Number of protein chains: 2
Amino acid sequence: MKDPRPCSIADALALVGEKYSLLVLREVCLGNERFDQLVRNIGAPRDILATRLRRLVEAGVLEKVAYSERPRRFRYRPTRAGLELEPVLMTLMAWGDRHLRGDDGRPMVLEHSCGNELVPVVTCSACGDAVEHDDLTAHPQTPGWTTAGPAAALPAAP
Amino acid sequence: MKDPRPCSIADALALVGEKYSLLVLREVCLGNERFDQLVRNIGAPRDILATRLRRLVEAGVLEKVAYSERPRRFRYRPTRAGLELEPVLMTLMAWGDRHLRGDDGRPMVLEHSCGNELVPVVTCSACGDAVEHDDLTAHPQTPGWTTAGPAAALPAAP
DNA sequence: CTCCGTGCGTTGGAAAATCAAACCCTCTCT
DNA sequence: AGAGAGGGTTTGATTTTCCAACGCACGGAG
């Protein structure tokens, strides 16, 4: 996943965008932290899951903790960085609920501590308003890149 | 990507979780809607990109619109459903900014209409508070599934 | 002690997806 | 006629995925 455009979305996806990675996060956030639970609940091949887990641990998203010596058994816990991926999961789930099923009911409902069913809304931390597409302006920080592309329509000849 | 657990996160990922799909969304949301722009800005092989675009169009996330007859030329525009994936992109970008770079500056800054740099926060639409992991309780809606797994620790024999 | 079951992976070979480069077609411009 | 842009498709090599089977370390039952 090499992306010509410098971009944190691409960088994040290079890490957690591989097949099953976000589902691993879903499970550990639900409290299912053991290898076999992950295999059963995600349906991933064991070898692939092992590979993903290694990567997520080395990236600091998960933590491999022994919950038993002799026999040595491990569980995978989300780190702070891992927990901070939950907003991604929530918005993804909300999108799936809205657009991928025809009111046959959601397969999972999240309850917020306020007592209501969680409907996640992305807001601007500065003004508190819900963020709409039209309210955004993108400012690339890398010289040579615009929102349109690399040195957009390069004018001068070499 | 068959997931044993009934889950909108898995369903959403089955559609937009393939390599490059979310980057396509990023580009069209930035206004880069032509095939060649997508190839250049994403760095995907042309054939794969063509495949992804077909899938996203047929799923109703993108719309293929001719912007020129003779020669026939197309652009890909986000539908309403496509635009509603932006919260996913925003939270993903924010996460990447926070955890994947050591303050060498973000590659892209989004400005909100309120005049401030956008820092996206996921809030509960009911109470308006920012959502933390510990504030959530999961309620599976599918009989046979708990947060722990399928018929968690099946007790009775067949 | 031997067999069974659990937990956590690794191994091997077949099947599928990805990749890069080349190719094709349709127009336009010079 | 030739060159170039736009929008893909084809080809063949390289990677990944997949899945079943195996390995190993233990604990308990018979």
Side-chain angles (χ1 to χ4, degrees), chain A residues 1-4 10 13-24 27-28 32-58 62-77 148-150 152-155 157, chain B residues 1-4 10 13-24 27-28 32-58 62-77 148-150 152-155 157:
Chain A
M1 252 180 184
K2 55 125 200 277
D3 186 359
L13 284 174
L15 178 55
V16 297
E18 293 172 299
K19 214 168 166 178
Y20 305 121
S21 294
L22 283 177
L23 295 183
V24 169
E27 286 303 318
V28 297
N32 298 119
E33 309 180 325
R34 296 207 312 287
F35 188 84
D36 269 25
Q37 288 181 311
L38 295 174
V39 170
R40 268 194 304 279
N41 292 348
I42 296 175
R46 308 173 75 84
D47 55 346
I48 305 262
L49 190 57
T51 305
R52 295 290 180 274
L53 289 171
R54 260 193 297 275
R55 240 172 98 49
L56 292 173
V57 166
E58 109 190 32
L62 297 183
E63 204 179 4
K64 184 174 186 171
V65 186
Y67 69 87
S68 150
E69 310 290 329
R70 335 201 24 75
R72 209 116 209 286
R73 300 276 150 84
F74 305 96
R75 63 190 175 133
Y76 296 88
R77 303 191 40 193
L154 58 163
Chain B
M1 247 180 186
K2 53 122 202 275
D3 186 358
L13 285 174
L15 178 55
V16 296
E18 293 171 299
K19 214 167 167 180
Y20 304 122
S21 293
L22 284 177
L23 296 183
V24 169
E27 288 301 318
V28 298
N32 298 119
E33 308 181 324
R34 298 208 311 288
F35 188 84
D36 270 25
Q37 288 181 310
L38 295 174
V39 169
R40 268 196 302 281
N41 292 347
I42 295 174
R46 309 171 73 84
D47 56 344
I48 307 260
L49 190 56
T51 305
R52 295 290 180 273
L53 289 172
R54 259 191 298 274
R55 239 172 101 49
L56 292 174
V57 166
E58 106 190 33
L62 297 182
E63 201 179 7
K64 185 175 186 171
V65 186
Y67 68 88
S68 151
E69 309 292 329
R70 328 203 32 76
R72 209 117 210 286
R73 299 277 150 83
F74 305 95
R75 63 190 174 132
Y76 295 88
R77 303 190 40 190
L154 58 163

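Order of the sequence lines sets the chain letters (A, B, ...), proteins ahead of strands, with each chain counted from 1. As the structure is a prediction and not an experimental result, all values here were calculated from the model. Atoms considered below: every heavy atom in the structure, side chains included; atoms not considered: hydrogens, waters and symmetry mates.
Taking all atoms of both residues into account, the shortest heavy-atom contact from A:Leu49 to A:Ala44 is CB-CB, 4.5 Å. Among all heavy-atom pairs drawn from B:Ser21 and B:Val16, the shortest one is CB-O, 3.5 Å. Taking each heavy atom of B:Ile42 and B:Tyr20 in turn, the nearest pair found is CG2-CD2, 3.7 Å. Between A:Leu15 and A:Arg55, the closest heavy-atom pair is CA-NH2, 3.7 Å. A:Lys19 approaches A:Arg52 most closely through the heavy-atom pair O-NE, 2.8 Å. Between A:Tyr67 and A:Arg75, the shortest heavy-atom distance links the atoms CD2-N, 3.7 Å.
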Taking N or O atoms only and anything under 3.5 Å, show me the protein contacts with nucleotides 27-30 of chain C, one pair per line.
from, atom 1, to, atom 2, distance (Å)
C:dC27, OP1, B:Arg70, NH1, 3.2

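Applying a 4.0 Å cut-off to non-hydrogen atoms, the residues of residues 46-56 of chain A that approach DNA chain C are A:Arg46, A:Asp47, A:Ala50, A:Arg54, listed by residue number.
Rounded to an integer number of Å, the gap from CZ of B:Phe74 to P of C:dC25 is 17 Å. Between B:Tyr20 atom OH and C:dT18 atom C1' there is a gap of 8 Å when expressed in whole angstrom units.
Judged by distance alone, the side chain of B:Asn32 and the main-chain N or O of A:Ala148 form a donor-acceptor pair under 3.5 Å.
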Stepwise side-chain contact (heavy atoms from CB on, under 4.5 Å) test for B:Phe35 and B:Leu53: CA-CA 9 Å; B:Phe35 188 84; B:Leu53 289 172; 3.7 Å; yes

side-chain contact (heavy atoms from CB on, under 4.5 Å) between A:Leu23 and A:Leu38, worked out: CA-CA 9 Å; A:Leu23 295 183; A:Leu38 295 174; over 6 Å; no

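Distance check: A:Glu33 CD to A:Glu63 CD gives 10.0 Å after rounding to the nearest 0.5 Å.
Nucleotides of DNA chain D lying under 4.0 Å from heavy atoms of chain B occupy a range whose first and last members, 5' to 3', are D:dA5 to D:dC19.
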